[in-house]
Amino acid sequence: MHKSYLLTPGPTPIPEAVAQAQARPIIHHRTPQFQKILKEAIEGLKYVFQTNNDVFILTSSGTGAMEAAVANLLSKGDTAITVEGGKFGERWTEICQAYGINCEVIKVEWGRAVEPERIKALLKNLGRKVKAVFTTLCETSTGVVNDIQAIGKIVKDTEAVLVVDAVSGLGAIPLLTDEWNCDVVVSGSQKGLMLPPGLGFITLSQKAWRLVQEAKSPRYYFDLNKAKKALAETDTPFTPAITLIIALVEVLRLIKEDGLENIFLRHKKMAEATRQAMKALGLELFASEAASDVVTAVKVPSGIDGEKLVKIMRDSYNVTIAGGQGELKGKIFRIAHMGYIEEFDIIVCISCLEKVLKQMGYRFELGQGVKAAQEVFLK
Ligand SMILES: Cc1ncc(COP(=O)(O)O)c(C=O)c1O
């Protein structure tokens, strides 16, 4: 018998009430009963996205919502700016290229946030031909948060729409979709929203809808015009993931009860405790400037096998954190403090990390990480 702790940047742990909601008997979706659930889900999502526009629920992971954004906004031969500061920024470029979009790529050193001025300069340079700017709220692969508010101020005065990947970060750190002039925001269910994977979300501004009407990229399942028409009748174009939407309503009630502001504060505290603990252990943070409150990326100290560290924590002690992705494989490990994570989850994770680091021969004083985290929590 083993108790497990999940501190990965998706999936994240699921609150008990949400897990239980998934055990309810299945219902049919073309019924007033489901319509009531769908309506509550959309209203709750509007609060989490901080938008007055509708939020569409797709049956897909977050990448499906990203692809829906590209396929619905653009046509082959269009020009878009993509910001690549990690694996998920690269995904925007890859999806755009699959649709024949000309990508003007802003390459950002991994571990840093994009300087909004670079977007401004490129937009100025390229002029009206840029139809969209694709960005990432929290670049999960590096633990960096981008300044979407500043980028929004820049893009709003141009012809282009601002598209934000908030798959990681939504419901964990501030993202004011309308106030920050985000035209399209996409997300997924398995991170800040504390659900299993399987739902994608997308919301669009009026400016973005104008592009949808012009766009000629092929689309069928992810045709947002179909989704819009269905939603006007409180319906979905295809069979929705009914059970996940029932659980989503439960999540949204919990979020409403706590209030977004309090949730953001909790994430801030969890992140600060984690960062202080890492420093106390003599470890270096990968994202030194724009570290997110969503996931903390830490450099693997020299002489330690980073992949083995993550593997021992998981396989010997059931504490699952994430390793590095892409070019960061083996070089960093990532501790997520996103969603249903509280003080003692962090303490357990840090004490496990200390134990394994000690076993692997890393030299430090046992207990220093836990102590630093406790001090943050006691404040
Ligand atoms: C920032 C970001 N974007 C996109 C994705 C892709 O989402 P999914 O794996 O749900 O398709 C992830 C998942 O880790 C992510 O963290």
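Atoms considered below: every heavy atom in the structure, side chains included; atoms not considered: hydrogens, waters and symmetry mates. In listed order, ligands and their atoms are each counted from 1.
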- Within residues 334-344 or reaching into it, pairs that qualify as side chain to side chain donor-acceptor pair (under 3.5 Å) - sequence neighbours excluded: E16-Y340, T296-H337, Q325-R334
- Note on the structure: Nearest heavy-atom approach of C182 to I148 is SG-CG2, 3.6 Å
- Message: Does anything in residues 228-237 form a side chain to side chain donor-acceptor pair (under 3.5 Å)? List the pairs, not counting sequence neighbours.
- Response: R30-D235
- Inspect the contact between E375 and K371 and indicate whether a charged nitrogen and a carboxylate oxygen are less than 4.0 angstrom apart. yes
- Message: For ligand 1, give me the residues whose heavy-atom distance to it is below 4.0 Å, by chain and number please.
- Response: S61, G62, T63, M66, F88, R91, T136, C138, T140, D165, V167, S168, Q190, K191
- In short, L211 meets K131 closest at the heavy-atom pair CD1-O, 3.6 Å
- Who are the salt bridge (charged side-chain N to carboxylate O under 4.0 Å, His left out) partners of R275, not counting sequence neighbours? E272, D293
